[in-house]
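Structure first, then comments.
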2 protein chains.
Amino acid sequence: MGVTDRKEREKTEMRELIRATAMKMFLEDGYAKTSIRSIADAIEYSPGTIYLYFKDKDELLYEVQGEAYGRLLEVFKKEATSTDPLEKLRQVGRSYINFGLQNPELYDLMFIIRAPMNVDEEIHKANGGNCFSFLVDCLDDCIKKNLLRLKDIEQASLLIWATAHGLVSLNLRCRLKIMDQPEEAIPQILIKSMEDYLAAVTI
Amino acid sequence: MGVTDRKEREKTEMRELIRATAMKMFLEDGYAKTSIRSIADAIEYSPGTIYLYFKDKDELLYEVQGEAYGRLLEVFKKEATSTDPLEKLRQVGRSYINFGLQNPELYDLMFIIRAPMNVDEEIHKANGGNCFSFLVDCLDDCIKKNLLRLKDIEQASLLIWATAHGLVSLNLRCRLKIMDQPEEAIPQILIKSMEDYLAAVTI
DNA sequence: CAAATATAATGAACACCGTTCATTATGCAA
DNA sequence: TTGCATAATGAACGGTGTTCATTATATTTG
């Protein structure tokens with residue numbers, strides 16, 4: 001039965017088309033401003049068709065989230081390559097912040113947007129797990145070699161992630177306008193802050 | 001003309017009624033899930049009436065934000081009273097995190113929600129300025145007495161705020177489910193993390 | 001090949017949303 | 001009491017996510 005094979009292939013292709021289109025539109029206009037209707041328009045299908053391939057808009061979000069986490073992990077692998085554990089940690093920090101600054105809508109959808117993944121934590125572990133592991137492994141090296149003031153790996157990972165996320169997300173929500181800094185200076189300030197932070201926790 | 005006085009009083013009272021009702025509903029159900037219609041319902045007026053007192057839903061948000069910042073500042077003043085600058089800093093950190101954990105919807109609306117304050121930065125400075133100043137003053141003491149590894153006050157304020165915000169907001173968005181920790185343990189982990197962080201940047 | 005069937009796509013409809021505005025009701029001044 | 005300014009209304013507009021009876025298409029069967 002070559003027919004059922006083709007059918008299945010067509011089905012996954014259609015799913016892929018919707019996913020890719022959604023990704024593109026989320027990236028450009030953000031999740032909230034991208035409507036199911038507009039996605040349907042873009043692929044020249046009717047709105048109802050989307051629902052034959054995805055349960056709801058959230059499922060589309062999860063799918064795109066997965067891809068986004070994949071991209072972040074790729075960035076880590078490409079940019080955090082130092083053999084010196086501390087330098088590698090600094091590279092991870094820089095990469096994370098740059099990723100957030102360069103892909104604001106993607107970052108939003110990965111870490112800030114509200115979606116009921118509150119319940120389904122498995123999806124989320126799978127999605128973000130690899131990225132978090134990269135950080136944990138990196139810190140593991142540093143702590144084992146006694147390079148940091150922080151001793152608990154999980155707690156240290158949480159702290160460093162929280163700091164980087166705090167910097168990026170406060171900026172994305174324009175909360176740094178409270179400081180007297182020009183717009184253009186912000187990226188460097190964030191990077192510098194992260195580096196100062198890492199320096200402070202380094203022995 | 002006592003009439004115009006009363007008119008004016010009634011007008012501000014109505015505005016206040018709407019604001020208070022909105023505050024209550026935002027706190028309970030969140031900003032997104034609270035509709036203008038439902039606010040109108042609650043005060044037994046028609047939806048259109050709201051627009052006689054507020055330009056749009058965002059203006060209502062700003063108003064509530066202002067009150068929320070006021071509450072946070074009150075918490076700071078009440079809970080961060082130590083004369084020891086470092087202990088006071090720790091108290092601020094704990095208060096901030098507890099505030100976020102105990103008022104998730106309020107925290108959301110203050111720091112996470114997207115609203116076009118992107119343009120109007122003055123509003124925001126006025127709103128959050130006092131809270132930020134409290135932190136800055138606190139840090140100023142610490143740095144002047146050479147108690148911290150961080151030397152730039154503004155950068156240090158940014159870092160500490162970012163760390164606390166990172167911890168709270170990652171938790172609010174359930175991103176900490178990635179770690180193998182039971183739900184109940186999270187508050188203590190966040191507090192402990194913040195304390196460990198402050199300890200690490202303390203000389 | 002034709003008819004029957006299974007599958008895919010449709011798009012109108014539903015219940016919401018924020019917002020506007022012509023219409024109506026109200027309370028005060030003349 | 002009449003006229004008028006002000007306040008309140010609620011239907012209407014254009015949007016949203018989502019559902020589902022209907023229609024079109026493609027495959028299998030007789």
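Labels below follow one simple rule: chain letters A, B, ... track the order of the sequence lines, proteins then strands, and each chain is numbered from 1.
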Item to complete: May I ask you to verify if any side-chain N or O of B:K11 is less than 4.0 angstrom from the OP1 or OP2 atom of D:dA7?
Response: yes

Pair up each side-chain donor or acceptor in residues 70-77 of chain B with any protein partner under 3.5 Å, not counting sequence neighbours, and list the distances.
none

Worksheet item: Does NZ or CZ of A:K88 come closer than 6.0 Å to the centre of the six-membered ring of A:F134, within 45° of the ring's axis?
Response: yes

Response to the item:
note: B:L52, atom CG; D:dT9, atom P; distance rounded to Å ~ 9 Å

Sequence neighbours left out, cut at 3.5 Å: what donor-acceptor pairs do the side chains of residues 154-169 of chain A make with other protein atoms?
unit_1: A:E154; atom_1: OE1; unit_2: B:Q181; atom_2: NE2; d: 3.0
unit_1: A:Q155; atom_1: NE2; unit_2: B:S193; atom_2: OG; d: 3.1
unit_1: A:S157; atom_1: OG; unit_2: A:I153; atom_2: O; d: 2.7
unit_1: A:W161; atom_1: NE1; unit_2: A:Y96; atom_2: OH; d: 3.0
unit_1: A:T163; atom_1: OG1; unit_2: A:L159; atom_2: O; d: 2.8
unit_1: A:T163; atom_1: OG1; unit_2: B:T163; atom_2: OG1; d: 3.3
unit_1: A:H165; atom_1: ND1; unit_2: A:Y107; atom_2: OH; d: 2.6
unit_1: A:H165; atom_1: NE2; unit_2: B:S169; atom_2: OG; d: 3.2
unit_1: A:S169; atom_1: OG; unit_2: A:H165; atom_2: O; d: 2.7
unit_1: A:S169; atom_1: OG; unit_2: B:H165; atom_2: NE2; d: 3.2

Worksheet item: Rounded to the Å, how far apart are A:K57 NZ and C:dC16 C1'?
Response: 15 Å

Item to complete: State the CZ-OG1 distance between A:R19 and A:T12, to the nearest 0.5 angstrom.
Response: 11.0 Å

Discussion item. Under the criterion salt bridge (Lys or Arg N to Asp or Glu O under 4.0 Å), I'd like the reasoning laid out for A:E183 against A:K177: C-alpha separation, chi angles, the key distance, then a yes or no.
Written reply: CA-CA 8 Å; A:E183 186 70 26; A:K177 285 186 176 169; 5.4 Å; no

Worksheet, complete the sentence: Atom CD1 of A:I50 and atom P of D:dT16 are separated, to the nearest Å, by 13 Å

Worksheet entry | Difference in axis direction between the ends of the helix from C:dC1-D:dG30 to C:dC28-D:dG3, five pairs, 10° | 30°

Pairwise N/O distances under 3.5 Å, protein to nucleotides 21-26 of chain C:
none

Discussion item. Ring of B:Y31, cation from B:K57 - is the NZ or CZ under 6.0 Å from the centre and inside 45° of the axis?
Written reply: yes

Worksheet item: Under 4.5 Å between any side-chain heavy atoms of B:D141 and B:D137, yes or no?
Response: no

Discussion item. For B:S95 and B:E79, which I'm curious about, is there any donor-acceptor pair between the side chains at under 3.5 Å?
Written reply: yes

Worksheet entry | Stretch residues 14-44 of chain A: residues that reach within less than 4.0 Å of DNA chain D through a heavy atom | A:T34, A:S35, A:I36, A:R37

Fill in: Interatomic distance where CD belongs to A:E10 and C1' belongs to C:dA8 [whole Å]
10 Å

Fill in: Proximal nucleotide (of C:dA8, C:dG11, D:dT18) relative to the A:S46 side chain
C:dG11

Discussion item. Using the rule given for salt bridge (Lys or Arg N to Asp or Glu O under 4.0 Å), can you reason through A:R173 versus A:D108, listing the C-alpha separation, both sets of side-chain angles and the distance that settles it, and then say yes or no?
Written reply: CA-CA 10 Å; A:R173 288 299 184 265; A:D108 219 280; 2.8 Å; yes

Item to complete: For B:F54, report the nucleic acid contact type (base, sugar-phosphate, nothing); a contact means any heavy atom under 4.0 Å.
Response: nothing

Practice prompt. Check every atom of D:dT9, C:dG11, D:dG17 against the side chain of A:P47 and return the nucleotide holding the closest atom.
Written response: C:dG11

Which donor-acceptor pairs under 3.5 Å do the side chains of residues 48-55 of chain B make with protein atoms, sequence neighbours left out?
unit_1: B:T49; atom_1: OG1; unit_2: B:S46; atom_2: O; d: 3.3
unit_1: B:T49; atom_1: OG1; unit_2: B:S46; atom_2: OG; d: 3.3

Worksheet item: In whole Å, what is the span from the NZ atom of A:K55 to the P atom of D:dG17?
Response: 15 Å

Worksheet item: Would you say the side chain of A:M110 lies within less than 4.5 Å of the side chain of A:F99, judging by non-hydrogen atoms?
Response: yes

